[in-house]
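Take a look at the structure below.
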Amino acid sequence: MFDIAPQVASLALQEGTSSGPAITSTGMAALAVGLAGLGAGYAERGIGSAAVGAVAEDEGLFVQALILTVLPETILIFALVAMILA
Amino acid sequence: MSATGSSNPEYVNARVSARRATLFDEEDYRKLLRMSPDEISRYMEESTYQGPINRLGSRFAGVDLIEYALNAGLAETFDELLAWADGRLYEQVARYLRKFDAWNVKTAVRGVYADTDAESIEDDVIRAGELDDDLLDRLVDAESIDAIVDLLEGTLFGEPLAAAYEVYEESGTLVALENAIDRAYYENLFEGVTTAGAGADSAYAEFLQAEIDFRNARNALRLARSGADIDPAEYFIEGGTLFTPEELSALSRNRDQLVERIRESRYGDELTGALDELTEADSLIGFEHALEGALLEHARNAAHAHPMSICPVIAFVLAKEREADNIRAIARGTQAGLDPEEIRAEMVVR
Amino acid sequence: MSKLSVTGSKRVMGSVVELVHDQHVLDVSEYDGSWEGFQPGDPEAEAEAASEKLVTVRSIKSILDVDAEAATPQSITEAEIEAQLPEIQDAVNELDDRRDTLREELRGIEERLDAVEPFVELGIDLNLLGGYDSLEVAVGHGDYDSVERELLDAEGIQQYEIFTGGDVLAVFVYPSEHAEGVLDDALVGAAFTSLEVPDSEVAPESYVREIESEKQGIESEIEGVADELAALEQEHASFLLAAEEELQIEAQRAEAPLSFATTENAFVAEGWVPTEHYEGVAATLKEELGDRIDVEEVERAQFKSDGEAVHEHGEAVADGGTTIGSDEPPVVQDNNGFVQPFEVLVNAIGRPTYSEFDPTALLFLTFPLFFGFMIGDVGYGIVYTAIGGYLYTQFDSPGFKSMGGVTIAAGLATILFGVFYGEIFGLHLVSEYVWGGNAPLHKGLIPEYSYWVPGWILISALAALVHLNIGYVLGFFEELQFHGLKAAVVEKLSWIFAMNGLWIFIASKWFENSKPEFIFTVFDSGEKAAFALGFGGFPVIVGQAGIALFVLGALLLGFGAPAELVEIFDALVNVLSYARLAAVLLAKAGMAFAVNLFFFGVAVTGEGEEASWHFMTDHAYHVGDMYHGEPVTEIMFGGLMHGGLASLLGGILVLVLGHMLVLALGVTSAGLQAVRLEYYEFFSKFFDGGGREYEPFGHERQFSRQD
C-alpha cells in the first residue's frame, strides 16, 4: 500500500509541465493505481482481521497469515503495469 | 470487547476455528477412555485446560479436579469469546451465552428445591454469561426459591420467574420454573434476529429454530416417558418451525408418529442415523444423544455455509460444551468402574 | 524411515517400552483399532500415581512461577518426590490461600474508597448526612435544577436545602408533620441517582486516610506473601523441575501401551525409525529379550520415493492390514548448513511429505535473488545482513536462528545487486566510485533511464517463466511417479505447453502493432535498449507455433478436467504476477529517492525524457549552474541540508527516520512479495506439504539425573 505514494508523486513530477486534457492518460493511470489500492486495502481489511485472529491463536501461522494478507496486492501490480504501459 | 464498533466476524471466526481444531478428537477420546481420572486431568493439563488445571491442581485431584476444571475451562473460553467479539456479533454471542445464565439460575433453583448445600450448587455453576459474580454468589447462597426470584428482579428472568413462582407454589414441581427460564432465554435470543432472507442472519435464525425444535421434541418425549399427567403444550417453547403446541401434545403420545414427523422435516437428512437408532434402540437417552449430535452437525454445517455469521461461534460453543460433557462422562464412568464400551455409549463425538 | 514392529508377550511389554524409551529414536504409531480381536492397550498401573503427582507439581510450578533458566539439574528418586512434594504443596497452598484472602480484602477496601470519593467532593462530615429524626437526607449524582424543581412541586416538604460539591448533591429536606419518605418520593421524578453514605463519624478526608492506611497495610501483607512465595520458588525450583521431568517420563512410559494393539496376553507395537538406526534398535531389543519378542521391519519408506516400499507380512498379522495403523512416515529434512535456515520458510507452508520434493534448496537459490533484485542497495543490504547476523548469533531458538540465516542471505543478495545498480542508501556513490559514473544496471526511476522500466517488467516475466517452469517440471515428475503418465501430462505438461506457448506468442512479431512497443525494443539494440541483445521479437511463424502450443496445452488441460479450463488464464496471470518484482524495485527506489531528496535536495539537468536528477551532496546548486558539465535546468527541492542549522537538524531526523522506514517497508514489501511468489505462484505447482514431524518416543533429560 505504501508503495504507491512515491510512484504517484514521481508521476506528478514528470507531469509538471505538460498541457492538454484535464486528466492525461498518465493521470488516469495514476487514478487506476489509486483505485486499485483502495480495492486491495478493502480486501486486506477482512483478511488482515482474520489473520490477526489466527496468529493470536497460533504464532506458527504468522508467515501464512502475512502471505494471505498481501494476496490482494496482486491487483495493485496489475494496476502498476497498466500505469507503466499507459 | 463491547457492543460498540463494527462487527468483526473475520477475527473472531479465525480464532474460533483455531480453537475448534484443538478440541479433543476420536484419538484423544480413545486414549482418555482407558485412563484413570488422574491421568485424564494430566492429559487435560497438556491440552487446552492447562490454565484451570494448574490453578486448581494443587488443591484437588481425581474427578473433582476434572469437574472443576471443566466448568472453569468453559467459563474461561466463553469469556474469551466475548472479549474477542465487537459490535453486533458481540451482542449476538452475549445473548447466546446467556444460556449459562439460564443454566445457573436453574442450578440454583434445583439446589434449593433439593435442599443441596451451597457448596455443591457452587460446583455446578458455570461462570459464563451476563449475570455477575456477585449475583451468582448470592443465588448460590439463597435460602429459598422466593429469594432467588427476588434476586433476579430486573434481569430478563425476573418477570417470567415471578409469574411461574405462583404456579410452582400451587403445583410444587419445578417444571414451571425451569420452563419459564428457558422461555425467557429463547425469547431474548430471537430479539434482533431476522428469519427473512437468505443471509447470515437467517442462517442463524434457522439454527435457533432447529435448537428449539429439538428441545421441544426432547421435552415432549421426556414428559411422555415420565408418565406425568402434564400437557407438553404447556411447556412448549415458541420460535421453532416444526411443531405447534397442539401438534406436539398429540405427537408426544405416539412416538412413532413423532419420529416420522421429524423424518419428513428439513432435519430428516441430518437425523437419519439418530432416528433409526431411536426406532431400534428404544432408548430415550440414545435419542437425546442422537438429537444432540444432529444439532452439533447442523451448527457445523451452518458455520461452514456462513463463515461470516455468528454460526461458527455457536458451533464452537456447542462443540466445546459437548467436549466437557464427554470428558465428564469418561471421568465419572471410569470412576464408577464402567468399561470403555459402556462409557462410549454415553458420549457424543462428531 | 523404517517401520519397526515388535510383537511379544505382555509380560515383556514394560521392558520393551523401557528399552525403546531409552533409545529415543522410535516415532510410535497409533493403533487405529482396525484389527479384529486387538484392543488398544491399557496404561500401566504407575500411570495413575505419576499423573496425580505430575498435575500437582505443575500446578505448584505455575503458582510459584518457576523459572526454568535458573534451575540446576539434580538427581531425583520417586521416594524423594513422595517425601517432599506434600510438604511443598501444603506450604504453597497455604500461602496462596492467604494471598487470595488478602486480595479479596483489598478489593473490598478499594470499593469503599471509590464509594467515599463523592463525599470528599461534597466536603460534608459523614455523620451530618444521616441519623436525623426530623430531617430527610439524600446524597447522590444528579442535576441541581431538576432536583430543585421536583422538590418545589412535591407535597409535604416544608423546607429544603441542596448542597453541592463537584457533581455531587446533598439534599436536606424538612418534611411537614406526619409526612414520611417525601424526599424519596420527590426524587423519583428527578435526574438523580443516590449514593449510600459510608458508615463513619468523621470528615470524609480523614475517613479516606483511614481506609488508605488500611489499604497500605494489606498491600504490604500481600507483598510479604509474595516474598515468601518467591523464597519457596528459590528453594524448590530445581526440585520441582526435576520431579516434573521424572514424573513426565514415568507417565509417558506407563501410557505407551495406549498406542499398542493388544490381546489378552500379547501386544504389537509399531513405530518409525530412521532406517540407519533400525538395525541398532532391533539388535538391542533382541539382545535383551531374545526369543520372547519378535522384531520386524514391516515397511520401508524412502524420501523422494525412489526406493520401493518393503511390505512383509509378520506372523502376528492374521487379518486386517499389514500394520496396526496406516500412518505416513514422519519426515526429517536433510539440508546442508547454508540451505537449512530456509526450511523455516518451507515449513511455514508445511513439511514436505515423503512423496514430495523438498523445495528448500530452490528457495535458497531464488528467494534472496528476488529480494536482492527488489531492494538492490549496498547500504540497505549491509544493514539487513547485520540484522540477520545478530539474529543468527544471538538467539538459541531455531526459529530466530533460521530467520537470521534467511535474512543474511537476503542481505548479501541485496548488496550484490546494489553494486550493480551502483546505489548505497539511494545515493549513486557506488556508481561513481566503482563504475566511474556508469553503473551497468539502472532501476529506471530517473527519467533519463526510464526506458529500463519496461525492461525490468520483461525481465520479471522471464524470471517468472524460468521459476514456474521449474515448478511445473517438478510437479510433472511427482505426478508421473504417483499417478502415472496420463495425470502428469494433463495436469502438468498441459500447463508447461500453455504457459510457454502463450509467452512465445507474446514475444513474437505476430500482431506486433497491437502489442506494447517495448517488448520489441528493450532487448534490441541501440540507445533505448536496456539490454542490447539484438532481440526484436520472434518471427511471426514462431508466434503462430506458440499459439498452437498454447491451444494444445489448453486441450490437454480440458481433457483432464473440463472445469479447469477456466483457469487457463493463469498462464498469463501467474507470469504477470512477477511484475511485482519490477514494481517493488521502482517503489523502493522512489521512497529512498524521496528521503534523500528532502535532505540533500536535487538538481535537474536536461529536460523531459532526457532529464537527469542529481543529489546536491556537496553544495546547493541554482538554475543555470553547471553540474558536471551540464547546465542545471531546475531545482526539484533545495534540500534541508543546505538551509541553516535548524533545517539541517530536521533534515538529519528525516534522513535517519526515512531510511529506517524504507528498511522496514523493504521487509514487508520486498520480503513478503518475494515469499508470496514462492508460496503462491511457485509452490502451488508441485508442493502440498503436510508431512509429519519426526517425534521419537523418549525424553532428553534436562533437569533431572538418574544416579
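Below, chain A is the first sequence line, B the second, and so on; all start at residue 1.
- For B:F207, the ring pair (Phe, Tyr, Trp, His ring centres under 6.0 Å) criterion is met by no residue, not counting sequence neighbours.
- When all heavy atoms of B:A14 and A:A50 are compared, the pair lying nearest together is CB-O, 3.1 Å.
- For the side-chain contact (heavy atoms from CB on, under 4.5 Å) test, residues two or more places apart in sequence or in another chain that qualify with B:V93 are B:L81, B:L82, B:L89, B:L97, B:I310, B:V313.
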Show the pairs of one donor and one acceptor atom, one from chain A and one from chain B, lying under 3.5 Å apart.
| residue | atom | partner | partner atom | Å |
| --- | --- | --- | --- | --- |
| A:S49 | OG | B:Y11 | N | 3.4 |
| A:E57 | OE1 | B:R19 | NE | 2.6 |
| A:E57 | OE1 | B:R19 | NH2 | 3.4 |
| A:E57 | OE2 | B:R15 | NE | 2.8 |
| A:E57 | OE2 | B:R15 | NH2 | 3.0 |
| A:E57 | OE2 | B:R19 | NE | 3.4 |
| A:E57 | OE2 | B:R19 | NH2 | 3.2 |

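- Remark: B:F316 pairs with no residue by the ring pair (Phe, Tyr, Trp, His ring centres under 6.0 Å) rule, at least two apart or across chains.
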